[in-house]
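To start, the structure under review is shown below, and the notes come after it.
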Amino acid sequence: MNISISILINQTICNFFEQNYQVNIPQDKIVIQKTKPEFEGDFTLVCFGFTPFTRKSPDITANEIGEFLTNNCEFITDFNVIKGFLNLTIANKYWIDFASDNISNAKFGFAPELSKGKIVIEFSSPNTNKPLHLGHVRNNLLGHSIAAILSADGFDVKKVNLINDRGIHICKSMLAWLKWGNGETPATSGLKGDHLIGKYYVLFDQKYKAQIAELEATGIIKEIAEKQAPLIIEAQEMLVKWENNDSETRKTWELLNSWVYDGFEKTYQQMGIEFDKIYYESNTYTIGKSLVQEGLQSEIFNKKEDGSVWVDLTSDGLDEKLLLRGDGTSVYMTQDLGTAQLRHNDFLPEKMIYVVGNEQNYHFDVLKIILFKKMGLDWAGGIKHLSYGMVELPSGKMKSREGTVVDADELMDEMIRDAKAQTIEKGKIDQFTTEEAQELFKTIGLGALKYFILKVDPKKNMMFNPEQSIDLTGNTAPFIQYTHARISSLLDKACFNSKNAQEIPQIISNISIEKSELEILRQIHEFPTIISESSANYSPALLANYIYDLVKLYNSFYQEKPILKEEDESKRIFRIAISQITRTTIKNGMKLLGIEVPNKM
RNA sequence: GGCCCCGUGGCUCAAUUGAAUAGAGUAUCUGACUACGGAUCAGAAGGUUCCAGGUUUGAAUCCUGGCGGGGUCACCA
């Protein structure tokens with residue numbers, strides 16, 4: 001018995017309209033929702049939309065449908081009508097079967113197979129001139145989680161990372177290191193590779209600003225000074241050398257980048273993130289360049305007198321966009337064209353999702369229009385920009401060049417330290433080994449961070465206050481983790497095992513379900529729907545808030561009806577079943593958010 | 001200035017995409033640990049959903065116009 005109850009109701013309603021009113025009722029008129037706790041019933045049918053078809057008042061219509069459903073649908077035992085809302089009561093048997101069927105299903109809620117096509121999702125996409133910061137953290141967590149959710153919903157998901165390892169910003173770091181670095185390495189400095197290079201990026205900016213100030217002092221206006229400063233000219237020369245494959249430049253570049261990759265790898269590992277494939281812009285930009293050349297020949301693009309190449313998007317309401325500089329070097333868009341083509345060749349996906357901040361909305365509009373409309377590539381219709389909002393600090397926006405960033409590594413370390421301090425204070429880990437304890441601090445600290453970020457709607461800007469540490473009580477991961485650990489511990493004590501699981505249907509077949517139990521089952525029942533909705537909306541937030549509601553519901557139920565106290569054996573077993581399936585749901589849901597749930601803590 | 005996004009109790013966020021009395025956490029106040037995990041639970045207080053119109057059985061949600069905040073309009077990425 002796995003057919004969803006809402007599909008069953010839906011079909012019966014269609015039959016009702018066919019038989020009594022000879023109409024095919026449009027699907028979007030059938031609105032079924034969970035009944036609010038203050039009313040009697042399990043599911044609610046909203047009947048206002050039916051009045052044009054029945055030509056009767058919503059209440060009368062609702063009553064007619066209620067009669068029909070109770071007579072024709074074996075699982076609906078009762079109904080009531082309040083102001084045009086038809087509340088339906090589902091038979092106990094349905095809920096008992098639901099609990100019995102899923103009690104030992106470790107993959108509850110997940111699509112049984114990959115049946116929905118291939119998706120490539122790009123996220124993270126760091127620059128190699130500085131370490132990852134809080135903005136990247138949001139990006140990485142969203143990308144990782146959405147990939148997991150899509151996969152649970154039945155898509156074949158490939159996670160890719162595009163490393164921006166070339167361009168003027170890299171030259172800035174390289175130049176500063178060559179000039180003032182004295183051959184400093186991660187080993188000699190004791191710094192993580194990405195942090196070391198980031199230091200020189202900041203240094204470049206300081207020295208560059210100083211040069212601009214000097215020039216301005218001689219009466220040169222700012223805009224000119226910014227272009228004439230010797231440092232920026234040197235950096236630009238270096239970029240040309242790099243694109244011309246100058247061996248010295250390439251050697252330095254490879255050395256510095258290798259340090260940065262080591263650093264990134266550690267950060268990803270700590271975050272629990274991995275990729276199926278890593279692309280490097282230094283490999284893809286040439287493909288972009290040749291695409292631009294092709295487009296130039298077929299006259300989709302045009303060349304200006306100085307040699308720069310442009311695309312005219314005024315007919316699409318946008319403006320002209322640069323595709324190649326006058327000196328022949330490529331820009332951001334150039335390589336993104338190449339990367340998209342390469343990625344399509346590699347995977348032939350139905351969709352390509354880009355997890356990139358909303359500051360680049362315009363860029364992705366342009367990218368899609370060029371590939372899809374201008375170049376006529378059908379597959380580009382599957383490009384989707386998953387745009388997320390910025391993480392703001394109380395002091396305003398983060399600026400990496402000005403050092404007002406929250407560093408990803410430091411943030412994670414701090415979360416783990418906080419978790420450690422608070423866990424030790426609770427004094428519940430005395431029997432843990434040192435390794436187990438360390439693992440637990442990490443699970444709690446990083447869980448808190450991940451959940452804090454993922455529970456917010458991706459498209460919205462969010463506020464992060466580094467002054468006050470992230471809560472470990474309330475709507476947080478530790479609260480959910482704690483509940484999971486507690487359920488696990490209780491189930492152990494209740495001597496639940498797989499043998500019982502098989503007997504459960506008989507044991508509990510005749511019990512009556514209480515309202516609080518029913519609410520939990522109803523909530524769990526929705527889990528597969530929530531996964532597919534999260535997947536359709538690209539929103540882990542939906543899932544996160546669902547899990548929180550479930551945990552809260554379970555906690556108040558448990559407080560009121562302890563599972564070990566009940567004397568009636570079948571009732572006790574039923575509560576064990578509810579706890580068991582709740583635990584699975586929490587675990588599976590948190591897994592899709594990339595958050596571990598310990599069995600004890 | 002053009003275009004895009006956001007505006008919900010003091011603060012941080014929800015609201016199943018148009019449904020019933022707008023929900024949680026936090027902070028404040030009150031109460032509950034001699035069965036099992038108190039990182040918990042129950043209760044109180046806190047709202048003109050930025051403003052003004054409109055659409056309809058129904059609007060935080062949709063449309064129009066304001067106001068406020070952010071983003072973007074680079075031969076930066």
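Lettering follows sequence order; numbering is per chain, from 1.
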Taking the side chain of [X] as its heavy atoms from C-beta onward, which of [options] lies nearest to it?
{"X": "A/Pro562", "options": "B/A77, B/C36, B/A20", "result": "B/C36"}
{"X": "A/Met462", "options": "B/C13, B/U26, B/C5", "result": "B/C13"}
{"X": "A/Lys493", "options": "B/A14, B/A77, B/C36", "result": "B/C36"}
{"X": "A/Gln559", "options": "B/U21, B/A14, B/U40", "result": "B/U40"}
{"X": "A/Phe39", "options": "B/A42, B/G37, B/A20", "result": "B/A20"}
{"X": "A/Ile168", "options": "B/G70, B/A77, B/U40", "result": "B/A77"}
{"X": "A/Asp319", "options": "B/G25, B/C73, B/C4", "result": "B/C73"}
{"X": "A/His169", "options": "B/A77, B/C41, B/U16", "result": "B/A77"}
{"X": "A/Lys459", "options": "B/A14, B/C5, B/C41", "result": "B/C5"}

Whether A/Tyr558 and A/Tyr554 hold their rings parallel, tilted or perpendicular, with breakpoints at 30° and 60°:
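Parallel.
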
Looking at every strand, decide which applies to [X] at a 4.0 Å heavy-atom threshold: base, sugar-phosphate, or nothing.
{"X": "A/Tyr546", "answer": "nothing"}
{"X": "A/Ser489", "answer": "base"}
{"X": "A/Phe479", "answer": "sugar-phosphate"}
{"X": "A/Ser308", "answer": "base"}
{"X": "A/Glu38", "answer": "nothing"}
{"X": "A/Asn537", "answer": "base"}
{"X": "A/Phe452", "answer": "nothing"}
{"X": "A/Lys552", "answer": "sugar-phosphate"}
{"X": "A/Gln481", "answer": "nothing"}
{"X": "A/Ala485", "answer": "base"}
{"X": "A/Asp327", "answer": "nothing"}
{"X": "A/Val456", "answer": "sugar-phosphate"}
{"X": "A/Gly326", "answer": "base"}
{"X": "A/Met601", "answer": "base"}

Looking at A/Val456, A/Ile453, A/Ile470, A/Val137, which hits side-chain contact (heavy atoms from CB on, under 4.5 Å) with A/Phe464?
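The passing option is A/Ile470.
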
Output yes if the stacking criterion (under 5.5 Å between centres, under 30° between planes) is met for [X] over the base of [N], else no.
{"X": "A/Phe85", "N": "B/A19", "answer": "no"}
{"X": "A/Tyr548", "N": "B/A24", "answer": "no"}
{"X": "A/Phe48", "N": "B/G58", "answer": "no"}

Which value, in whole Å, describes the distance between the [atom1] atoms of nucleotides [N] and [M]?
{"N": "B/G9", "M": "B/A74", "atom1": "P", "result": "36 Å"}
{"N": "B/C50", "M": "B/U8", "atom1": "P", "result": "6 Å"}
{"N": "B/C6", "M": "B/G18", "atom1": "P", "result": "14 Å"}
{"N": "B/A15", "M": "B/C51", "atom1": "C1'", "result": "23 Å"}
{"N": "B/C4", "M": "B/G65", "atom1": "P", "result": "11 Å"}
{"N": "B/G43", "M": "B/G23", "atom1": "P", "result": "14 Å"}

Please work out whether B/U17 sits syn or anti, treating a glycosidic angle within 90° of 0 as syn.
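With its glycosidic angle within 90° of zero, B/U17 counts as syn.
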
Would you say [N] has OP1 or OP2 under 4.0 Å from some side-chain N or O of [X]?
{"X": "A/Lys460", "N": "B/A14", "answer": "yes"}
{"X": "A/Arg325", "N": "B/C76", "answer": "yes"}
{"X": "A/Lys36", "N": "B/G23", "answer": "no"}
{"X": "A/Thr483", "N": "B/U40", "answer": "no"}
{"X": "A/Thr476", "N": "B/G25", "answer": "no"}
{"X": "A/Asn555", "N": "B/U40", "answer": "no"}
{"X": "A/Arg166", "N": "B/A77", "answer": "no"}
{"X": "A/Lys83", "N": "B/U21", "answer": "yes"}

Hey, do the aromatic rings of [X] and [Y] have their centres closer than 6.0 Å?
{"X": "A/Tyr285", "Y": "A/Trp242", "answer": "yes"}
{"X": "A/Tyr201", "Y": "A/His169", "answer": "no"}
{"X": "A/Tyr354", "Y": "A/Phe123", "answer": "no"}

Look at the side chain of A/Asn87 and the base of B/A20, then say whether one donor and one acceptor between them are separated by less than 3.5 Å.
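Present.
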
Report yes or no: is there a donor-acceptor pair, N or O only, under 3.5 Å between the side chain of A/Thr44 and the base of B/A19?
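By the distance-only test, no, there is no pair.
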
Base-pairing assignment for [N] (Watson-Crick or G-U wobble, both under 3.5 Å):
{"N": "B/A42", "answer": "B/U30"}
{"N": "B/G65", "answer": "B/C51"}
{"N": "B/C3", "answer": "B/G71"}
{"N": "B/U56", "answer": "none"}
{"N": "B/G25", "answer": "B/C11"}

A/Arg138 to A/Tyr388 six-membered ring, cation-pi geometry met (6.0 Å, 45°):
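No.
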
Decide whether a cation-pi geometry holds between A/Lys304 and A/Trp310; the criteria are a distance under 6.0 Å from NZ or CZ to the six-membered ring centre and an angle within 45° of the ring axis.
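Yes, a cation-pi geometry holds between A/Lys304 and A/Trp310.
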
Can you tell if the side chain of A/Tyr546 reaches within under 4.5 Å of the side chain of A/Asp549, non-hydrogen atoms only?
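No, too far: nothing below the 4.5 Å cut-off.
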
Below 4.5 Å, heavy atoms only, C-beta onward: do A/Tyr280 and A/Thr284 meet side chain to side chain?
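They are not in side-chain contact.
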
If I take atom CD1 in residue A/Ile170 and atom C1' in nucleotide B/A77, what distance separates them, rounded to the nearest angstrom?
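Atom-to-atom, A/Ile170 to B/A77, this comes out as 9 Å.
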
In terms of the nearest nucleotide of RNA chain B, which residue is placed more toward the 5' end: A/Ile82 or A/Ile563?
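Its nearest nucleotide being more 5', the pick is A/Ile82.
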
